[in-house]
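Below is one structure, written out as structure tokens; the observations come after it.
Start at 1 and go down the list; that is how both ligands and their atoms are numbered.
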Amino acid sequence: MTRVAIVTGGTRGIGEAISLALRDQGFLVVANYAGNVEKAKEFTTRTGIAAYRWDVGDHEACIHNCNDVAATFGPIGVVVNNAGVTRDGVLHKMSFEDWNEVIRVNLGGCFNMAKATFPSMRERGWGRIVNIGSVNGQAGQYGQVNYAAAKSGIHGFTKALAQEGAKFGVTVNAIAPGYIDTDMVAAVPAPVLEKIVAKIPVGRLGHASEIARGVAFLCSEDAAFITGSTMSINGGQHMY
Ligand code: CAA
């Protein structure tokens, strides 16, 4: 039976690479996206992967759209919580809105998607949830109290839900990417990024495909004994 996988933020950047890797591994992939309609259309035309638009920070939208995906394609076996936003700024300049938006989308999105899919995985006795954390959730980052808190929260969320899923065949893991060559990282001011890259032992930014391979492995049968873990893929930037 072909298993259905949802990848949030799955039409661009790391999410796009994850969508393709899971498809290549035999999953029927549905990609969620929030805003970039043109890119999503181009993605679907190029890959044949269906793209559904909703905001993962919206609880009702997650429930509604996951039900819709399940009714159309079959029960959801895999969820990759990849969707995330940044609103960088030092605390003394950060607005409450910038704090709240990052927590709502990055961390709230994981809860909303799990609420929409975990009960059915649990009932059916198989599931894979992979949450995309960050090196900055492990180590902290100047100018990112919102993002670091949300990503750090994802690591705690992963370990707690893993305990609830374990005896039902549902594994819950996280991947903590370092700095990857995506639009999000390209938005970091060049002089700041240069200093960050200089501290990465491997000496370069990572590639989205290098994160996607890790996700694909965690979603495979071979990874059935791995749960509650965090795989760091960061070029040695932070050894956790
Ligand atoms: N440690 C210590 N001091 C730092 C610092 C750091 N890492 N980064 C900046 N500073 C200092 C600067 O040297 C500067 O000091 P002076 O005034 O004495 O010169 C001061 O802080 C202000 O720096 P900026 O001029 O950069 O301040 P700003 O208000 O214009 O911008 C900022 C602040 C928005 C945080 C900017 O520094 C920035 O964008 N930093 C990058 C944050 C980052 O790494 N984001 C990652 C995005 S990608 C991602 O998140 C994906 C992932 O998972 C890895």
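- Partners of E123 under the side-chain contact (heavy atoms from CB on, under 4.5 Å) rule, at least two apart in sequence or in another chain, do not exist in this structure.
- When all heavy atoms of V69 and V4 are compared, the pair lying nearest together is CG1-CG1, 4.2 Å.
- Shown here for R128 and S220, the closest heavy-atom pair between the two residues is NH2-O, 3.1 Å.
- Of all heavy-atom pairs between I175 and V215, the closest is CD1-N, 3.4 Å.
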Write none if no such pair exists; otherwise list each N/O atom of ligand 1 with its protein N/O partner under 3.5 Å and the distance.
residue  : atom   : partner : partner atom : Å
ligand 1 : 21 (O) : Y142    : OH           : 2.5
ligand 1 : 29 (O) : K93     : NZ           : 2.9
ligand 1 : 44 (O) : Q141    : NE2          : 3.4
ligand 1 : 44 (O) : Y179    : OH           : 2.7
ligand 1 : 45 (N) : D88     : OD2          : 2.7
ligand 1 : 45 (N) : Q144    : NE2          : 3.4
ligand 1 : 50 (O) : Q144    : NE2          : 3.0
ligand 1 : 53 (O) : S134    : OG           : 2.7
ligand 1 : 53 (O) : Y147    : OH           : 2.7

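- Scanning all heavy atoms of the two residues, the minimum distance from G137 to K151 falls at CA-CB, 3.7 Å.
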Test D55 against R104 for salt bridge (Lys or Arg N to Asp or Glu O under 4.0 Å), laying out the working first.
CA-CA 10 Å; D55 171 4; R104 186 187 76 85; 3.0 Å; yes
